[in-house]
Number of protein chains: 2
Amino acid sequence: MRYSKQREAINTYLQGTTCHPTAEEVYEQVKHEIHDISLATVYRNLKQLQELNLIKRLDTGEGEARFDADLSDHSHFLCERCGNVYDLFDELVAPEDIADKLGKGFTVGRKMIYAYGVCDKCNK
Amino acid sequence: MRYSKQREAINTYLQGTTCHPTAEEVYEQVKHEIHDISLATVYRNLKQLQELNLIKRLDTGEGEARFDADLSDHSHFLCERCGNVYDLFDELVAPEDIADKLGKGFTVGRKMIYAYGVCDKCNK
DNA sequence: GTATTTGCAAACGTTTTGCGGCTAC
DNA sequence: GTAGCCGCAAAACGTTTGCAAATAC
């Protein structure tokens with residue numbers, strides 16, 4: 001894989017944020033630095049970074065994917081009122097637990113946990 | 001809400017299957033019974049049934065949503081080789097546990113757990 | 001020099017919507 | 001009679017792709 005300032009900028013932005021942006025949001029942010037970057041390039045690089053296991057893709061059910069550079073085994077909480085996505089670092093279930101419960105012969109590579117509700121700020 | 005034979009057929013089909021079909025698959029199946037049903041009607045009714053909490057929508061990250069009439073609190077395992085979706089009925093985490101771990105003020109309504117790997121049949 | 005990446009525009013697949021006609025009640 | 005539903009076709013949406021020009025090395 002060859003260097004490109006576009007990929008560098010996308011990766012750097014994702015590494016430095018905890019806000020789980022969508023592709024569109026990544027595009028808007030990186031545009032501040034690289035004015036003529038295209039949305040297609042953002043999508044292409046997000047896909048490559050996923051394949052290199054440098055970022056994770058979150059399919060939260062909102063219609064558009066979100067991206068997360070934090071590779072630690074954690075879950076996400078989506079506030080249905082404000083739309084914020086919160087990290088939940090307590091490991092809730094280990095992949096091995098899931099494999100055990102599925103039964104003999106199953107191999108679990110990864111898991112995604114999404115919780116939905118109302119956050120503390122919106123509950124006030 | 002008014003009765004319609006289309007909605008009835010969609011709901012009946014979903015209640016009677018455990019295969020987590022996509023909208024397209026629901027359409028293909030229900031067409032056996034109602035030959036001139038349209039895909040738009042399937043989508044409209046799937047959305048209504050969701051809103052009535054009669055079915056759940058699964059966003060597995062495959063690009064298309066799947067639908068599940070089993071409302072019990074369970075998880076899903078997707079085999080990345082054969083594409084099958086398996087139910088996992090052992091309750092892995094309770095919503096209350098998640099709320100506890102998020103902290104004071106958070107309310108968790110529902111959660112979705114998706115595990116990915118290779119199933120017993122494909123592992124042979 | 002050449003293989004990879006880019007921006008652009010067009011295409012894609014899934015889902016939603018506008019509309020005029022039909023149906024439940 | 002009328003509000004809600006239908007089928008159809010077109011639009012909308014997020015995402016991917018084909019292409020010729022630019023870039024990394």
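No experiment lies behind these values; they were computed from the predicted model shown. First the proteins, then the strands, lettered A, B, ... as listed; each starts at 1.
Remark: P of dT16(C) and CD of E64(A) are 14 Å apart, rounded to the nearest angstrom. Atom CG of D36(A) and atom P of dT5(C) are 17 Å apart (whole Å). What separates CD of E24(B) from C1' of dT16(C) is a distance of 15 Å, to the nearest Å. Atom pair Q48(B):CD and dT16(C):P shows a separation of 12 Å (rounding to whole Å applied).
Using cut-offs of 30° and 60° on the angle between ring planes, the pair H74(B) and H76(B) is perpendicular.
Atom-to-atom distance recorded for L14(B):CG and Q29(B):CD is 10.5 Å, nearest 0.5 angstrom.
When all heavy atoms of Y27(A) and I37(A) are compared, the closest pair comes out as CE1-O, 3.3 Å. Shown here for C82(A) and C79(A), the closest heavy-atom pair between the two residues is N-SG, 3.4 Å.
Residues meeting the salt bridge (charged side-chain N to carboxylate O under 4.0 Å, His left out) test with K111(A), sequence neighbours left out: D73(A).
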B/S/- contact track for nucleotides 17-25 of chain C, protein heavy atom under 4.0 Å | BB----BBS
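Looking at heavy-atom distances under 4.0 Å, D59(A) makes no contact with the nucleic acid at all.
T60(A) and E62(A) form a side-chain donor-acceptor contact under 3.5 Å, judged by distance and modelled atom types alone. Side-chain polar atoms of T107(B) and N123(A) form a donor-acceptor pair below 3.5 angstrom.
Nucleotides of DNA chain D lying under 4.0 Å from heavy atoms of chain A occupy a range whose first and last members, 5' to 3', are dG14(D) to dC25(D).
For the pair R7(A) and R57(B), both in contact range of DNA chain C, the more 5′-proximal nearest nucleotide belongs to R7(A).
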